[in-house]
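Both ligands and their constituent atoms are indexed starting at 1 by order of listing. Position 1 is the first residue of the sequence, and the numbers go up from there.
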Amino acid sequence: MAPSLLAADFACLGEQAAAVEAAGADWLHLDVMDGHFVPNISFGPLVLKALRQQVRIPFDVHLMIAPADPYIAAFAEAGADHIIVHAEAGPHLHRSLQLIRSLGKRAGVALNPGTPADAVAHVLDVADLVLVMTVNPGFGGQAFIPGQLAKVAEVRDMVAGRPIAIIVDGGINAATAPQAMAAGATVLVAGTAVFGAGDLRAAMDGMRGAA
Ligand code: DX5
Ligand code: ZN
């Protein structure tokens with residue numbers, strides 16, 4: 001379970017990050033947006049670095065930026081544990097993943113809803129995570145796109161036998177999480193459904209199916 005800080009109160013990000021960690025979050029998902037690759041701007045490495053002092057769980061950093069390569073080292077230094085780049089963000093996906101791994105971080109690829117699963121077929125040897133967007137990236141609080149479940153299942157079949165996490169991101173809540181897990185997702189990212197809930201732990205357990 002990887003809560004997305006995008007749905008937290010930005011006036012007290014450190015406290016919100018610590019609160020989800022205390023409530024049992026496995027990873028903290030950090031959505032970096034540049035106003036170019038996606039039509040929204042969020043935060044960069046300085047904010048990550050400050051948050052790194054507040055929490056110990058792995059930082060799952062989702063880069064919605066293009067180009068990504070010039071900034072990967074800065075996010076690694078700021079405290080990212082996983083760095084996920086979009087397959088659509090540049091012409092050299094394999095090189096980006098090699099760069100992330102060369103910095104000692106787990107490397108991930110994200111796929112927009114319009115991008116086929118095949119986009120990851122030839123980079124699986126250099127990938128630790130595949131993130132299937134279940135909304136169009138840029139904003140929290142959007143409706144889950146059910147058609148993406150077929151892609152999650154395709155990715156599951158493709159990665160079979162490899163230690164690659166399959167992440168779903170966008171519109172995940174207690175209703176959509178079981179569908180995503182049935183299709184093969186192993187990690188759930190959720191913003192609104194966690195931070196919008198009164199009880200963070202109950203919200204996360206509900207999605208895990210552990211409530
Ligand atoms: C969207 C981000 C998501 C977002 C999910 O571009 O990648 O991580 O925060 O938010 P919810 O869970 O509200 O759809
Ligand atoms: Zn995300």
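H82 places none of its side-chain heavy atoms less than 4.5 Å from the side chain of I100. You'll find the side chain of V85 reaches within 4.5 Å of the side chain of I72, heavy atoms only. L188 has its side chain within reach of V168: a pair of non-hydrogen atoms, C-beta onward, lies under 4.5 Å apart. Between Y71 and P45, every side-chain heavy-atom pair lies at or beyond the 4.5 Å cut-off. The shortest distance between side-chain heavy atoms of H94 and V126 falls below 4.5 Å.
The two atoms that bring P137 and M64 nearest to each other are CB-SD, 3.6 Å, heavy atoms only. Between V120 and L111, the shortest heavy-atom distance links the atoms CG1-CD2, 3.9 Å. Closest of all the heavy-atom pairs between V194 and L200 is O-CD2, 3.3 Å.
For ligand 1, the atoms sitting less than 4.0 Å from at least one non-hydrogen atom of M64 are 6 (O), 7 (O), numbered in the order shown with element in parentheses. In summary, the atoms of ligand 1 found under 4.0 Å from a heavy atom of V189, numbered by their order in the structure, are 8 (O). Each of the atoms 14 (O) of ligand 1 lies under 4.0 Å from some heavy atom of G170. The distance from ligand 1 to the heavy atoms of P137 drops below 4.0 Å at these ligand atoms: 6 (O). Below 4.0 Å from some heavy atom of L6 lie the following atoms of ligand 1, by number and element: 9 (O). Close approach of ligand 1 to M33 (heavy-atom distance below 4.0 Å) involves ligand atoms 6 (O). Those atoms of ligand 1 that come under 4.0 Å of a heavy atom in H62, given as number and element, are 7 (O). Close contacts between ligand 1 and A190 involve ligand atoms 12 (O) [criterion: under 4.0 Å to a heavy atom].
Checked for salt-bridge contact, R106 and D60 miss the test: no charged N lies under 4.0 Å from a carboxylate O. Remark: D81 does not engage R56 in a salt bridge, criterion side-chain N to carboxylate O under 4.0 Å.
At a heavy-atom distance under 4.0 Å, only side-chain atoms of D169, from C-beta outward, approach ligand 1. With a 4.0 Å heavy-atom cut-off, ligand 1 is reached by no atom of V38.
Protein N/O/S atoms nearer than 2.8 Å to the Zn ion (ligand 2) total 4.
Closest to atom 6 (O) of ligand 1 by heavy atom, among S42, G138, A2, P3, is G138.
The neighbour count for R95 CZ, taken as heavy atoms of other residues, nucleotides or ligands under 6.0 Å away, does not exceed 12. Enclosure of atom CD in Q54 by more than 12 non-hydrogen atoms of other residues, nucleotides or ligands within 6.0 angstrom is indicated.
The backbone N or O of F144 sits nowhere less than 3.5 Å from a side-chain atom of T134 that would complete a donor-acceptor pair. Of the possible donor and acceptor atoms, none in the side chain of D31 sits under 3.5 Å from a partner among the backbone N and O of H62.
For atom 2 (C) of ligand 1, the closest heavy atom belonging to the protein is D31 OD1, 3.4 Å. Of all protein heavy atoms, the one closest to atom 1 (C) of ligand 1 is F139 O, 3.6 Å. Residue, atom and distance of the protein heavy atom nearest to atom 13 (O) of ligand 1 are T192 OG1, 2.4 Å. Closest protein heavy atom to atom 12 (O) of ligand 1: G191 N, 2.7 Å. Of the protein's non-hydrogen atoms, S4 OG, 2.8 Å is the one closest to atom 9 (O) of ligand 1. The protein heavy-atom contact nearest to atom 10 (O) of ligand 1 is G140 CA, 3.5 Å.
Heavy-atom distances between G171 and ligand 1 reach below 4.0 Å in at least one pair. In this structure, G141 is part of the shell of residues with a heavy atom less than 4.0 angstrom from ligand 1.
Between the side chains of D169 and H29, at least one donor N or O lies within less than 3.5 Å of an accepting N or O.
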